[in-house]
Amino acid sequence: MAPPPSTTLAFNVRRRKPELIAPARPTPHECKLLSDIDDQESLRFYIPVIQFYRYNPSMIGKDPAAVIRGALAQTLVYYYPFAGRLREGPNCKLSVDCTGEGALYIEANADVALQDFGDILQPPFPCIDKLLYDVPNPKRMLNDPLLFIQVTRLRCGGFILGISVNHVMSDVSGMMQLILGMAEIGRGAVAPSIQPVWERQLLNARDPPRVSLLHREYNQVEEGTITSNPSENTVHRSFSIGPNQVSTLRKLLSNTLGQCSRFEVLAACIWRCRTIALKPHPDEEVRLLCMVNVRSKLSPPLPSGYYGNAVVFPAAITTARKLSQNPLGYAVKLVKQAKERVSGEYVKSVADLMVMKGRPHYPMAGSCVVTDVTRAGFEEVDFGWGKAVYGGLAKAGLGAKLPAASPCVNLVAIKGGIAISICLPAPAMDIFAKELEFHSKSLFISSGL
């Protein structure tokens with residue numbers, strides 16, 4: 001199958017000099033501590049998001065770059081911590097120095113039209129590094145801007161919005177709250193309809209901390225055969241799947257599993273196929289980490305407007321042999337059991353573990369992290385030009401520069417279904433594609449670079 005137009009497209013982007021956009025009005029100069037869920041090592045990267053917008057004749061005479069620039073300055077009045085800078089204290093504890101320095105903003109022009117990207121937009125996107133500002137040193141983070149925004153005008157009158165948000169500040173839900181507030185102001189509102197709430201102490205460790213539950217997701221493991229050589233040729237590809245294909249996968253499951261969510265079925269399938277593709281030692285431990293939003297798990301619930309991280313990573317764990325040789329239902333059952341372990345006590349125990357164990361990163365070796373943002377609402381963001389043609393995560397792996405076999409796999413919403421966005425060494429990607437085809441009776445459609 002020939003690759004779609006978007007994967008072979010090349011174009012030029014002319015960027016203006018980056019500038020810092022400060023809050024439009026004076027904001028408090030104070031130091032705000034992040035929560036013990038926020039500042040774990042696993043979240044110390046930037047979330048890259050990209051939004052595509054069509055030309056709208058009703059907006060003639062209005063410049064999207066100017067509108068978004070103005071909306072950003074107004075939004076930072078309410079979300080003023082995003083105009084500050086990170087500081088690190090004892091025990092790696094992060095805080096935000098609300099300096100009011102601002103977010104980094106870039107205005108650009110591209111000699112390409114939206115229709116040149118093809119009928120269905122999905123990662124990987126061509127020339128992504130020209131459309132999404134590359135964070136200078138994503139591992140450093142301290143003293144750098146917490147929010148990067150690039151607006152790229154297209155030849156057709158449409159535009160592309162690239163956003164990078166420091167993950168320790170917000171999870172995807174919190175990030176969406178910020179972006180939707182900015183869009184509301186871009187359409188003429190005087191303030192976001194949902195007022196932001198900080199209150200990060202609600203997800204701090206207890207005093208004294210006590211790890212009350214087992215958190216195998218943070219157990220460190222030795223580097224195994226599943227870790228790829230960074231010099232290997234890396235392929236980024238998306239596999240599109242619609243409702244009929246999900247139904248096909250469900251037919252592979254036993255009735256004894258009961259009701260299974262779309263995420264549970266897809267995550268299990270991805271985990272199994274990816275493990276087979278990477279060919280670890282049969283006895284090597286492999287794990288699937290599910291990013292679970294805990295807002296509904298807490299009692300009392302977090303206040304409306306809370307935009308910090310409220311996610312945990314429960315792990316489904318087995319050996320490569322058992323995962324590969326058992327039917328798909330075996331993996332689905334493990335995923336369901338991992339998610340069912342999440343409770344309010346589980347969240348408190350994770351926060352306590354962060355303080356007691358030095359805010360560890362989950363092990364990269366042997367891990368697969370599936371992030372589902374299909375219902376986040378990125379495509380609903382409207383600055384006045386209408387809803388996004390595509391809105392969501394810009395690339396597989398979330399962070400800017402991860403190993404060849406990045407553990408992160410993203411599920412994003414596209415026209416007519418879902419795209420599974422994954423990054424693997426080329427030989428492993430070929431095997432992964434064949435395994436998906438086998439599971440779904442040849443109903444997957446792939447695209448990639």
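All figures in this text were calculated on a predicted structure; none of them were measured in a lab. By convention here, the first residue in the shown sequence is residue 1.
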(message) Quick check against the 3.5 Å criterion: does Ser349 have a side-chain atom that pairs as donor or acceptor with the backbone of Ser212?
(response) yes
(request) For residues Pro314 and Val342, report the shortest heavy-atom separation together with the two atoms involved. (result) CG-CG2, 3.6 Å
(message) Going by salt bridge (charged side-chain N to carboxylate O under 4.0 Å, His left out), name the residues that satisfy it together with Glu264, two or more places apart in sequence or in a different chain.
(response) Lys336, Lys339
(request) Only counting residues at least two apart or in another chain, list the ones meeting side-chain contact (heavy atoms from CB on, under 4.5 Å) with Asn143. (result) Arg87
(message) If the threshold is 4.0 Å, N to carboxylate O, is there a salt bridge linking Arg341 and Glu217?
(response) no
(message) Tell me every residue that passes side-chain hydrogen bond (donor to acceptor under 3.5 Å, both in side chains) with Ser193, counting only those two or more places apart in sequence or in another chain.
(response) Glu184
(request) Carefully, step by step, assess Ile422 and Met429 under the rule side-chain contact (heavy atoms from CB on, under 4.5 Å). (result) CA-CA 9 Å; Ile422 186 170; Met429 186 65 80; 3.9 Å; yes
(request) Walk me through it: do Cys269 and Leu436 pass the test side-chain contact (heavy atoms from CB on, under 4.5 Å)? (result) CA-CA 8 Å; Cys269 181; Leu436 280 180; 3.9 Å; yes
(request) May I ask you to test the Asp430-Val235 pair for a side-chain heavy-atom distance under 4.5 Å? (result) no
(message) Working to the nearest 0.5 angstrom, can you tell me the gap between Ile47 CD1 and Leu393 CG?
(response) 7.5 Å
(message) Looking at Ala183, is its backbone amide N or carbonyl O close enough to the side chain of Asp382 to form a donor-acceptor pair, meaning the two atoms are under 3.5 Å apart?
(response) no
Residues 350-364, side-chain donor-acceptor partners within the protein, below 3.5 Å, at least two apart:
unit_1, atom_1, unit_2, atom_2, d
Asp352, OD1, Arg206, N, 2.8
Asp352, OD2, Arg206, NE, 2.7
Asp352, OD2, Arg206, NH2, 2.7
Asp352, OD2, Arg210, N, 3.2
Arg359, NE, Asn91, O, 3.1
Arg359, NH1, Asp36, OD1, 3.0
Arg359, NH1, Asp39, OD1, 2.9
Arg359, NH2, Asp36, OD1, 3.4

(request) Mind listing the closest non-hydrogen atom pair of Ile431 and Ala277 along with its distance? (result) CG2-CA, 3.6 Å
(message) Other residues, nucleotides and ligands only: do more than 12 of their heavy atoms fall within 6.0 Å of NZ on Lys130?
(response) yes
(message) Measuring from atom SG of Cys92 to atom CG of Leu94, what distance do you get when rounded to the nearest 0.5 angstrom?
(response) 8.0 Å
(request) With sequence neighbours left out, write down each residue that passes side-chain contact (heavy atoms from CB on, under 4.5 Å) with Ala419, or none if nothing qualifies. (result) Gln122, Ser238, Val412, Ile414
(message) Main chain of Asn309, side chain of Asp38: is a donor-acceptor contact present, judged purely on distance under 3.5 Å?
(response) yes
(request) Considering non-hydrogen atoms only, spot the tightest contact between Asp116 and Leu9 and give its length. (result) O-CD2, 3.6 Å
(message) Could you measure the distance from the CZ atom of Phe82 to the OG1 atom of Thr75? Nearest 0.5 Å is fine.
(response) 11.0 Å
(message) Whether the Tyr80 and Glu30 side chains hold a donor-acceptor pair (N or O, under 3.5 Å, no angle test) is what I'd like checked.
(response) yes
(request) Determine, using ring centers only, whether His215 and Tyr346 are less than 6.0 Å apart. (result) yes
(message) Run the side-chain contact (heavy atoms from CB on, under 4.5 Å) test on Leu411 and Ile420 for me, step by step, so that the C-alpha distance in whole Å, both residues' side-chain angles and the decisive distance to 0.1 Å come before the verdict.
(response) CA-CA 5 Å; Leu411 304 180; Ile420 301 169; 3.6 Å; yes
(request) Check whether any side-chain N or O of Lys93 sits under 3.5 Å from a backbone N or O of Leu34 as a donor-acceptor pair, and report yes or no. (result) yes
(message) Checking Asp283 now: which residues fulfil salt bridge (charged side-chain N to carboxylate O under 4.0 Å, His left out) with it, not counting sequence neighbours?
(response) Arg321
(message) Can you confirm whether more than 12 heavy atoms, excluding those of Arg54, are under 6.0 Å from its CZ atom?
(response) no
(request) Write down the atom of Ala388, the atom of Gln51, and the distance for their closest heavy-atom approach. (result) CB-NE2, 3.7 Å
(request) Rounded to the nearest 0.5 Å, what's the gap from CD1 on Ile68 to CD1 on Ile21? Could you check? (result) 12.0 Å
(request) Return the set of residues passing ring-ring contact (aromatic ring centres under 6.0 Å, His included) with Tyr133 (not counting sequence neighbours), or none when no residue passes. (result) Phe148
(message) Any non-hydrogen side-chain atom of Ile270 less than 4.5 Å from a side-chain atom of Phe239?
(response) no
(request) Could you give me the CA-CA distance, side-chain angles and deciding distance for Trp271 and Ile276, then say whether side-chain contact (heavy atoms from CB on, under 4.5 Å) is met? (result) CA-CA 9 Å; Trp271 183 29; Ile276 294 171; over 6 Å; no
(message) Run the side-chain hydrogen bond (donor to acceptor under 3.5 Å, both in side chains) test against Gln150 and tell me which residues pass, sequence neighbours left out.
(response) Arg15, Thr152
(message) Whether the side chain of Arg272 engages the backbone of Leu323 through a donor-acceptor N/O pair (distance < 3.5 Å, no angle test) should be reported.
(response) yes
(request) State the NE2-OG distance between His167 and Ser164, to the nearest 0.5 angstrom. (result) 12.5 Å
(request) Answer whether the closest heavy-atom distance between the side chains of Val311 and Val172 falls below 4.5 Å. (result) no
(message) Quick one, Tyr307 and Pro81 - any side-chain contact, counting heavy atoms below 4.5 Å?
(response) yes
(request) For the residue pair Lys297 and Ser343, establish whether any side-chain heavy-atom pair is separated by less than 4.5 Å. (result) no
(message) With heavy-atom distances below 4.5 Å as the criterion, would you say the side chains of Ile418 and Arg262 are in contact?
(response) yes
(message) Donor-acceptor pair, distance only, cut-off 3.5 Å: does the side chain of Arg216 make one with the backbone of Arg287?
(response) no
(request) Without swapping roles, check the side chain of Gln40 against the backbone of Ile37 for a donor-acceptor pair under 3.5 Å. (result) yes
(message) For Lys32, is the NZ atom crowded, meaning more than 12 foreign heavy atoms sit under 6.0 Å from it?
(response) yes
(message) Going by salt bridge (charged side-chain N to carboxylate O under 4.0 Å, His left out), name the residues that satisfy it together with Asp372, two or more places apart in sequence or in a different chain.
(response) none
(message) Could you report the tightest heavy-atom contact between Val335 and Cys290, atom names first, then the distance?
(response) CG1-SG, 4.0 Å
(request) Check for a donor-acceptor pair, side chain of Arg274 on one end and backbone N or O of Leu424 on the other, with a separation under 3.5 Å. (result) no
(message) Can you list everything that forms a side-chain contact (heavy atoms from CB on, under 4.5 Å) with Leu180? Sequence neighbours excluded, please.
(response) Met176, Val381
(request) Find out whether Ser42 and Val369 are in side-chain contact, i.e. whether some heavy atom of one side chain is under 4.5 Å from a heavy atom of the other. (result) no
(request) Report yes if some heavy atom in the side chain of Leu288 is under 4.5 Å from a heavy atom in the side chain of Leu334; otherwise report no. (result) no
(request) For Gln201, check side-chain contact (heavy atoms from CB on, under 4.5 Å) against everything at least two apart and list the hits. (result) Glu199, Asn204
(message) Once side-chain hydrogen bond (donor to acceptor under 3.5 Å, both in side chains) is applied, what residue pairs with a partner in residues 169-179 remain, sequence neighbours excluded?
(response) Tyr79-Gln177, Asp171-Arg295, Ser173-Asn293
(request) Working to the nearest 0.5 Å, report the span between CD of Glu284 and CG of Leu278. (result) 9.5 Å
(request) Would you name the heavy atoms of Ala310 and Leu302 that are closest together and state the gap between them? (result) CB-CD1, 3.8 Å
